[in-house]
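The basis for the numbers below is simple: all heavy atoms, side chains too, and nothing from hydrogens, waters or symmetry mates.
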Amino acid sequence: DGLFSPVFNTTSTPYLLLQFDVAYARYGSANGDNFSVYLLDNCTQDLSGATLLYSKSGAELATAPDMNYQFYPAETDWRTEVIPLNNFTGRSNIRLAFVFENGFGNNLYLDRIRLLTDEITDLKIINLTEPDVAVCLPSVTPKLNLYNIGTLNVPAITGMILQNGNIIQEKAFQLNLNPGNTAVIEFDPVLVESGENPFEFEIIPSAGTDVNPEDNFLAVKLARITNNDFVPLREDFENSGLWTIISDDSAQGWKNTSTNKGTSLFFESFNNATYGTHSWLISPVINMNKVSEASLFADFSSATRGATGDYLIVAASRNCGISFDEILYEGPANDINQSSTSNVYWTPSADNHWTRKYFNLDALTGENQVLFYFKVINNHANNLYLDNIEFFSSNNPDPLKIKDQFFVYTDGVTRSEKITFDLISRGNVRLQILTAIGQPVLDNTYDDILNQTFTYDLNLPSGIYLYRLQIDGKSYFTRHFIP
């Protein structure tokens, strides 16, 4: 499909810059859709001789996360594109063509097409590239991504960082940023207090007055995580834990609620009509340097509103929160669990309304300061629930499920002896294995036992053996037959 502009005369135009706003999300990971912009001479609609100004498809074109339903843009899903056209001034008959090639993907939206012909200074903050939403460092070095969407070069700016309206840092930056280009500026380190820290960033061009000063300002929340933990661990939200919640709107983020699992966490998308808002559930700083393999499990329950679902990202940071670049899952929450497509407020009430999701963490073993987050992006769908986050010191995608605190058994393949634990909380365990007449075979002590499985190649003769366990001071006995 093609959208053609009227014919323009630029013979007396000293500056020419094209701006337009676009919004697009891929359908799943499909890359077939393409959006192009052409410039044509002499009033024609024939694209064969046109000048290609812009062409994007797939992830490069996308302004919002992938989704498996029809895309409707939120306010935060729009991106301004800028194309300098000074090489096309002095012409009497030019026109523009906006062409979308359908690849059976998702919807594309186009709005606010502007041709600027005046001397305009217009600098925009795109985002904070570093750090991410949470860090475990006492100070950070903020980096801002800037975009020149005006017609004039921006030679320099003043950048400021504020807290509660007070300037805590002011710095001059030499840019020489031409129209249509971007640049990343780096501030000096700033201190980060424990808990939630509000920061505001402001930029002021050194030459000229910015015509849109409202996009020269960015407010962010940054959490400093000081709680520490280690693998194995479990968070079931029954008590006040070590995890942190940060939200664009504190009233519309992750929060506790009652489900059939007891106290669970949920994101109430059903009543949240502010599209594109974010909420993060952030782990304590997790030490993984004593494990050679690891995994993460979590229980999810979600519902869509018709075909509309919310977006979920599960990610980890190995650099104390500067970036969360270890993506464990990114996609619609209903791809993990979709228990309902109802327009009725969703609350899980049975075990089959939940899906337990496995994430392999082997790439993060050996690290001593790892942060994890569960980030949800609101699409005003239905509610998303989360519970029983559990870290294992193994990478088994299907660990044995037991009903008691421990279970003793013989591996049917290797013939080795095994014991699997499932304690309510981490504890110390002493394990003794005795023969039927009380002779000791094994006497081991273990610290920080939660959900581990231990294997013993004892090469014992067939018979009945006594297992004596002391778990946090309490004694337990069981008999086990070794075939």
Side-chain angles (χ1 to χ4, degrees), residues 229-239 241 260-264 286-288 290-299 350-352 354-362 365 387-483:
D229 214 328
F230 56 90
V231 175
L233 66 99
R234 181 187 297 125
E235 177 57 64
D236 60 10
F237 307 110
E238 296 300 324
N239 300 295
N260 64 300
K261 288 184 176 292
T263 300
S264 303
I286 297 178
N287 188 335
M288 301 181 64
K290 293 184 179 180
V291 296
S292 58
E293 55 186 50
S295 57
L296 164 64
F297 287 80
D299 293 343
D351 287 345
N352 63 2
W354 296 82
T355 297
R356 190 151 178 82
K357 177 70 174 176
Y358 163 81
F359 306 93
N360 187 294
L361 303 183
D362 285 355
T365 58
D387 209 340
N388 296 325
I389 299 172
E390 190 167 4
F391 290 78
F392 287 77
S393 57
S394 69
N395 58 13
N396 183 0
D398 188 23
L400 183 68
K401 299 177 180 63
I402 62 176
K403 296 180 180 180
D404 299 314
Q405 291 194 89
F406 63 91
F407 179 66
V408 176
Y409 55 105
T410 301
D411 190 298
V413 177
T414 65
R415 312 307 299 169
S416 55
E417 304 311 308
K418 292 191 172 187
I419 182 170
T420 292
F421 292 93
D422 187 15
L423 306 187
I424 296 174
S425 59
R426 280 191 302 249
N428 299 323
V429 173
R430 181 184 180 187
L431 169 65
Q432 296 172 287
I433 303 178
L434 309 172
T435 66
I437 59 174
Q439 293 179 323
V441 174
L442 180 80
D443 190 342
N444 284 352
T445 300
Y446 304 98
D447 296 329
D448 301 317
I449 297 302
L450 180 68
N451 53 23
Q452 298 96 315
T453 294
F454 295 93
T455 300
Y456 307 96
D457 294 314
L458 300 176
N459 297 315
L460 295 173
S462 177
I464 294 177
Y465 292 82
L466 175 66
Y467 280 65
R468 177 190 295 159
L469 290 98
Q470 289 179 300
I471 302 175
D472 286 338
K474 294 183 178 181
S475 296
Y476 302 86
F477 299 88
T478 188
R479 288 179 172 83
H480 174 60
F481 176 73
I482 297 179

Test: [X] and [Y] ion pair at under 4.0 Å:
X: Asp443; Y: Arg430; value: yes
X: Lys418; Y: Asp457; value: no
X: Glu238; Y: Lys261; value: no
X: Arg234; Y: Asp422; value: yes

I would like to know whether Glu417 and Thr410 meet side chain to side chain donor-acceptor pair (under 3.5 Å); could you show each step before the answer?
CA-CA 5 Å; Glu417 304 311 308; Thr410 301; 2.8 Å; yes
Provide the closest heavy-atom pair for [X] versus [Y] in the form atom of the first, atom of the second, distance.
X: Leu423; Y: Gly427; result: CD1-N, 4.2 Å
X: Leu434; Y: Pro440; result: CD2-CA, 3.5 Å
X: Asn428; Y: Asp448; result: OD1-N, 3.5 Å

Ring pair (Phe, Tyr, Trp, His ring centres under 6.0 Å) partners for [X], two or more places apart:
X: Tyr456; answer: none
X: Phe297; answer: Tyr358, Phe392
X: Phe237; answer: none

Please examine the side chains of [Y] and [X], heavy atoms only from C-beta on, and report whether any two atoms are closer than 4.5 Å.
X: Asn360; Y: Ser295; value: no
X: Thr453; Y: Pro399; value: no
X: Met288; Y: Leu361; value: yes
X: Leu460; Y: Leu458; value: yes

Roughly how far apart are [X] [atom1] and [Y] [atom2], rounded to 0.5 Å?
X: Ser264; Y: Asn388; atom1: OG; atom2: CG; result: 7.5 Å
X: Leu442; Y: Tyr467; atom1: CG; atom2: OH; result: 8.0 Å
X: Arg356; Y: Asp299; atom1: CZ; atom2: CG; result: 4.5 Å

Side chains of [Y] and [X]: any donor to acceptor distance under 3.5 Å?
X: Asn395; Y: Asp362; value: yes
X: Tyr446; Y: Asn444; value: yes
X: Ser393; Y: Gln452; value: no

Under the salt bridge (charged side-chain N to carboxylate O under 4.0 Å, His left out) test against Arg426, which residue among Asp447, Asp472, Asp229 passes?
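Option passing the salt bridge (charged side-chain N to carboxylate O under 4.0 Å, His left out) with Arg426: Asp229.
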Which residues satisfy the side-chain hydrogen bond (donor to acceptor under 3.5 Å, both in side chains) test with Thr478, sequence neighbours excluded?
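Thr478 satisfies side-chain hydrogen bond (donor to acceptor under 3.5 Å, both in side chains) with no residue once adjacent residues are dropped.
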Just to verify, which of Gln405, Arg468, Gln470 counts as forming a side-chain hydrogen bond (donor to acceptor under 3.5 Å, both in side chains) with Tyr476?
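Exactly one pass, corresponding to Gln405.
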Before you tell me yes or no, could you show the steps for Asn260 and Trp354 under side chain to side chain donor-acceptor pair (under 3.5 Å), namely the whole-Å CA-CA distance, both residues' side-chain angles and the distance that decides it to 0.1 Å?
CA-CA 10 Å; Asn260 64 300; Trp354 296 82; 3.0 Å; yes
Within the distance-only criterion (no hydrogens, no angle test), does the side chain of Asp411 pair as donor or acceptor with the backbone N or O of Val413 below 3.5 angstrom?
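Yes, the answer is positive, given that a donor and an acceptor are paired below the 3.5 Å cut-off.
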Quick one: does Arg415's side chain have a donor or acceptor within less than 3.5 Å of a partner on Asn459's backbone?
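Pair absent, no side-chain N/O of Arg415 close to backbone of Asn459.
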Could you please spell out the steps behind the side-chain contact (heavy atoms from CB on, under 4.5 Å) verdict for Asn451 and Phe421?
CA-CA 5 Å; Asn451 53 23; Phe421 292 93; over 6 Å; no
After noting the C-alpha distance and the side-chain angles of Asp387 and Asp236, does the key distance pass the side-chain contact (heavy atoms from CB on, under 4.5 Å) rule?
CA-CA 6 Å; Asp387 209 340; Asp236 60 10; 4.2 Å; yes
Distance flag, aromatic centroids of Phe407 and Tyr409, threshold under 6.0 Å
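Under 6.0 Å, so yes.
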Not counting sequence neighbours, which residues clear side chain to side chain contact (heavy atoms under 4.5 Å, CB included) with Ser462? List them please.
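Phe481.
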Could I get the full list of side chain to side chain contact (heavy atoms under 4.5 Å, CB included) partners for Asn352, not counting sequence neighbours?
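Here the qualifying residues are Ala350.
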Kindly indicate, with the supporting measurements, whether the criterion side-chain contact (heavy atoms from CB on, under 4.5 Å) is fulfilled by Phe230 and Val291.
CA-CA 10 Å; Phe230 56 90; Val291 296; over 6 Å; no
In sequence, state the C-alpha distance, the side-chain angles, and the governing distance for Leu431 and Ile419, and then conclude on side-chain contact (heavy atoms from CB on, under 4.5 Å).
CA-CA 10 Å; Leu431 169 65; Ile419 182 170; 4.3 Å; yes
